[in-house]
**Student:** 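This is the structure, below, for whatever I ask next.
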Amino acid sequence: MANRGGFSSKLGFIMAAAGSAVGLGNIWGFPYEVGQGGGAAFVVIYLIFCFILCYPVMVTEIAIGRKTQKNPVGAFNDLGYKKWNIVGKMGILSGVLILSFYNVIAGWAFGYILEMAAGNFNIAEQFNTYVLDIFKVGSYGLLFMATTAFVVSKGISGGIERAAKLLMPTLIIMILSLVIYSFTLENSMAGLRFYLVPDFSELTGSVIYNAMGQAFFSLSLGMGALITYGSYVGRNDNIITSAAFITLADVGIALIAGLMIFPLIGYMTAGAMEDVGRGPALIFVTLPQIFGSIGGVLGSIVGTVFFTLLCFAALTSTVSLLEVPVAYVVDELGVRRKRAVWIVAIGIFIVGIPSLLGNGYSDFFTSFITYVGAEKATDFLSFMNHIANDTLLPLGGCLIVFFAAHIWKKHNLDEELSHGSPSYKGSFVQKYLNFAVSYLAPLVLGILFVFTVLSTFFGIKII
Ligand code: PHE
């Protein structure tokens, strides 16, 4: 047990887990989902998911991890329910799939640091050709994966925790300075209005599904990333408060990322929020245009800071994504950590190649699959995203809470949670968690999982 390593303190764990949560999902995904999903109405639904449904899942994952001190597969075995380790296996598969395409996007972001530093704002219009230069963006991706592997190979306290303690505060300083700057621009208030004043007529079924997928993805839930991190947490640490802090940090940074981006868009569109290229392109097309319109050295500095912060956020997340399969290989197959890290990292990089090619370079991967009832084909990267984020994560989350409440049993979960949290037993939080973990979360997540699959892949819209 001793040679598995662990976090050096409660703060170290919180930083690393918050680092896992805060990533492309917050700074790239959240604003684009808000843009696509009707602004503030999406934000409200997202917040409900995070606090009411996802927080209980997070607490459960960390508790299972700490109890067993194992990776997601080993954890189910260790509790004596071998059949259930399929949930852990599904989690590891999700981790592999997510990291494979996440790393491609992180590679693009890394390249943008160089472009912004060189003052090449035209990259915005050239984004479609930029991603076609697969040897260039592929080597950025390789570099990103190698950096991730390097951090993970240094172990828990010496690598993951140390990187998070350095990167997270820097990220917060960068993001806050960009928020302040964006508030000084003309028409920033039009952007803020779009972001903060809800219009519930925009609320549709797919806004709800997207909010659920986004909440799971952003909080790193449903695939055992927090079972794994939980397995390195000290016996006397308080899981209840740590999880609350991680949720608040993640939601807070997503909200702040919105405060940075929507005023910038208001500025560029002179207040006409409709004109904006929303969707995934937001960060790679719209933002560099905005930095270009600021122009000169200032534009270059703002752009470089922005993409550096994006990469820092991504790195603490890729580290946690890689740690999940690595912990599995180390614990279950008995491979040495360093060796496991490099083998798994190379494997995942290879799995990511179709996501790299599917943005126009290869027709096959660009028009990879056409869902039933869809007008257009879906590219490989988006397909991976739909499979992993929108389906496997909520399903995993649903099964994890169901398992904890009804198979492993509530009182065991409560027992684990009360270690390090003396006032837990008998508290309101305990009552709420019992209800959420036993009934609310499995039911709601289960139903929404079915609805999402029907709607995304089969064009059957129930709500
Ligand atoms: N939460 C990370 C982000 O928002 C992504 C992630 C998902 C990391 C699942 C680990 C596990 O970017």
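We count residues from 1, following the sequence as given. Just follow the structure's listing: the first ligand is 1, and inside any ligand the first atom is 1.
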**Student:** State the CZ-CD distance between Phe49 and Gln214, to the nearest 0.5 angstrom.
**Tutor:**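 The CZ atom of Phe49 sits 12.0 Å away from the CD atom of Gln214.
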**Student:** State the CG-CD1 distance between Leu321 and Ile92, to the nearest 0.5 angstrom.
**Tutor:**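 Answer rounded to 0.5 Å: 12.5 Å.
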**Student:** Between CD1 of Ile113 and OG1 of Thr308, what distance do you get to the nearest 0.5 Å?
**Tutor:**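 Separation between the atoms: 4.0 Å.
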**Student:** What distance separates Ile98 CD1 from Asn103 CG, expressed to the nearest 0.5 Å?
**Tutor:**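 Atom-to-atom, Ile98:CD1 and Asn103:CG are 13.0 Å apart.
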**Student:** Verify, without hydrogens or angle tests, whether Arg66 (side chain) and Glu416 (backbone) share a donor-acceptor contact under 3.5 angstrom.
**Tutor:**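 Pair found, side chain donor or acceptor close to backbone of Glu416.
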**Student:** For the residue pair Phe7 and Phe13, does the interplanar ring angle fall in the parallel (under 30°), tilted (30 to 60°) or perpendicular (over 60°) class?
**Tutor:**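 It falls in the tilted class, 30° to 60°.
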**Student:** Just to be sure I understand the cut-off, which residues have at least one non-hydrogen atom under 4.0 angstrom from an atom of ligand 1?
**Tutor:**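 Protein residues near ligand 1 are Ser20, Ala21, Gly23, Leu24, Gly25, Asn26, Tyr102, Phe217, Ser218, Ser220, Met223, Ser317, Ser320, Leu321.
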